[in-house]
Amino acid sequence: MVSVPSPSHGAHSATPAEQPPTPVKLVIAGGFGVGKTTAVGSISDIRPLTTEAAITEVAAGVDDLTHTPGKSTTTVAMDFGCLTIDPTLKLYLFGTPGQDRFGFMWDDLVEGALGGLVIVDTRRLDDCYAAVDYFEHKNIPFAVAVNAFDGEVGDDLDEVRWTLDISEHVPLIVFDARRTGSVRDALLVVLDVALSRAEAAAAT
């Protein structure tokens, strides 16, 4: 039997070395102006890295600004931020550019991602087809989050699911890209989907 010195003898209890949190990569995608940059900025522990450029007259003629008249910049490469969920888990967030002409960057941004969050604006559902199709084609776990602009959602969620042809196993939620807690909850949904996928694969 091994005796343990008491604190009165000057000994200190040994504690295991702290392990760094597990890094997890998540991608935030969606159409132009749906709130990707806002979501990353709302939740990131650090000042987010953004690659935004001014919307020129030429770009304004290509990108639909009908529902975003006050938008003066657009992401041309990516947004980046990070979030420590707890001492064991740290999320690295990569926001994709929303325009089709920057789609060639998606493969690089998505490489190694555990899952994705597709942000949707119900006023422009057509802009979100590409993101949904991309994650389905790549077989990457994802959730769809309807951004509640001005605190409102224009369409019923069942109608959104039907319009976007989203499978029943894909979570469809409402969130506010401006609110930290709301964005965090949406990301946790993505993590849950990814974990469920991994557990199902391990059981087969």
Asks: Is D79 close to I28 at the side-chain level, that is, under 4.5 Å between some pair of heavy atoms?
Replies: no
Asks: Hydrophobic clustering (ILVMFWY, side-chain heavy atoms < 4.5 Å, transitive) - are Y129 and V160 grouped together?
Replies: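 Yes, V160 connects to Y129 through the hydrophobic network.
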Asks: Are the side chain of T180 and the backbone N or O of S42 linked by a donor-acceptor pair below 3.5 Å?
Replies: yes
Asks: Filter on salt bridge (Lys or Arg N to Asp or Glu O under 4.0 Å), then keep only pairs touching residues 135-149, sequence neighbours left out; what's left?
Replies: D107-K138
Asks: Looking at CD1 of I46 and OG1 of T84, how far apart are the two atoms once the value is rounded to the nearest 0.5 Å?
Replies: 10.0 Å
Asks: How many angstroms lie between CD1 in I43 and OG in S182, if you round to the nearest 0.5 Å?
Replies: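 Reported to 0.5 Å precision, the distance equals 9.0 Å.
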Asks: Could you measure the distance from the CG atom of L83 to the CG atom of L26? Nearest 0.5 Å is fine.
Replies: 9.5 Å
Asks: Should L109 and P97 count as side-chain neighbours, where that means a heavy-atom distance under 4.5 Å?
Replies: yes
Asks: Just verifying a value: how many Å separate L49 CG and L93 CG, rounded to the nearest 0.5 Å?
Replies: 12.0 Å
Asks: Once side-chain hydrogen bond (donor to acceptor under 3.5 Å, both in side chains) is applied, do any residues pair with R184, and if so which ones, sequence neighbours excluded?
Replies: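 If we apply the side-chain hydrogen bond (donor to acceptor under 3.5 Å, both in side chains) test to R184, skipping adjacent residues, there are no hits.
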Asks: Taking only residues two or more places apart in sequence or in another chain, which ones pass side-chain hydrogen bond (donor to acceptor under 3.5 Å, both in side chains) with T88?
Replies: D86
Asks: Between V170 and V144, what is the shortest heavy-atom contact and its length?
Replies: CG1-CG2, 4.2 Å
Asks: Residues in ring-ring contact (aromatic ring centres under 6.0 Å, His included) with Y92, at least two apart?
Replies: none
Asks: Looking only at heavy atoms, which two atoms of G41 and P48 are closest? And how far apart?
Replies: CA-CG, 3.8 Å
Asks: For residues 190-204, which side-chain N or O atoms pair as donor and acceptor with protein atoms under 3.5 Å away, sequence neighbours left out?
Replies:
residue: S196; atom: OG; partner: D192; partner atom: O; Å: 3.0
residue: R197; atom: NH1; partner: N139; partner atom: O; Å: 3.1
residue: R197; atom: NH1; partner: N139; partner atom: OD1; Å: 3.3
residue: T204; atom: OG1; partner: A201; partner atom: O; Å: 2.7

Asks: Does L117 share a hydrophobic cluster with V189, counting links as ILVMFWY side-chain heavy atoms below 4.5 Å and allowing steps through other members?
Replies: no
Asks: Determine whether D121 and N147 make a side-chain contact, defined as any pair of heavy atoms from C-beta on separated by less than 4.5 Å.
Replies: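 A side-chain contact is absent here, since even the closest heavy-atom pair is not under 4.5 Å.
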Asks: Quick one: are V27 and T96 in side-chain contact, heavy atoms under 4.5 Å?
Replies: yes
Asks: The criterion is ring-ring contact (aromatic ring centres under 6.0 Å, His included); which residues satisfy it with F175, sequence neighbours excluded?
Replies: none
Asks: Are side-chain heavy atoms of T38 and V183 found at a separation under 4.5 Å?
Replies: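 No. Closest side-chain heavy atoms not under 4.5 Å.
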Asks: Considering the options V118, V120, L172, which one meets the side chain to side chain contact (heavy atoms under 4.5 Å, CB included) requirement together with L164?
Replies: V120
Asks: Please list, chain by chain and in numerical order, all residues satisfying side chain to side chain contact (heavy atoms under 4.5 Å, CB included) with E111, sequence neighbours excluded.
Replies: none
Asks: Please round to the nearest 0.5 Å and tell me the distance separating atom OG1 of T163 and atom CG of D156.
Replies: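 That separation rounds to 10.0 Å.
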Asks: Could you tell me which non-hydrogen atom of A177 sits nearest to which non-hydrogen atom of G35, and how far apart they are?
Replies: CB-O, 3.7 Å
Asks: L157 versus V146: any side-chain heavy-atom pair under 4.5 Å?
Replies: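 They are in contact (side-chain heavy atoms under 4.5 Å apart), so the answer is yes.
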Asks: Between G81 and V40, what is the shortest heavy-atom contact and its length?
Replies: N-CG1, 3.8 Å
Asks: Checking R161 now: which residues fulfil side-chain hydrogen bond (donor to acceptor under 3.5 Å, both in side chains) with it, not counting sequence neighbours?
Replies: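 Scan of R161 (side-chain hydrogen bond (donor to acceptor under 3.5 Å, both in side chains), adjacent residues dropped) gives none.
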Asks: Nearest 0.5 Å, please: how far is CG in L188 from CD1 in I173?
Replies: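 Reported value, rounded in 0.5 Å steps: 9.5 Å.
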Asks: Below 4.5 Å, heavy atoms only, C-beta onward: do V110 and F94 meet side chain to side chain?
Replies: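 The answer is no, as the side chains (C-beta and beyond) never meet within the 4.5 Å cut-off.
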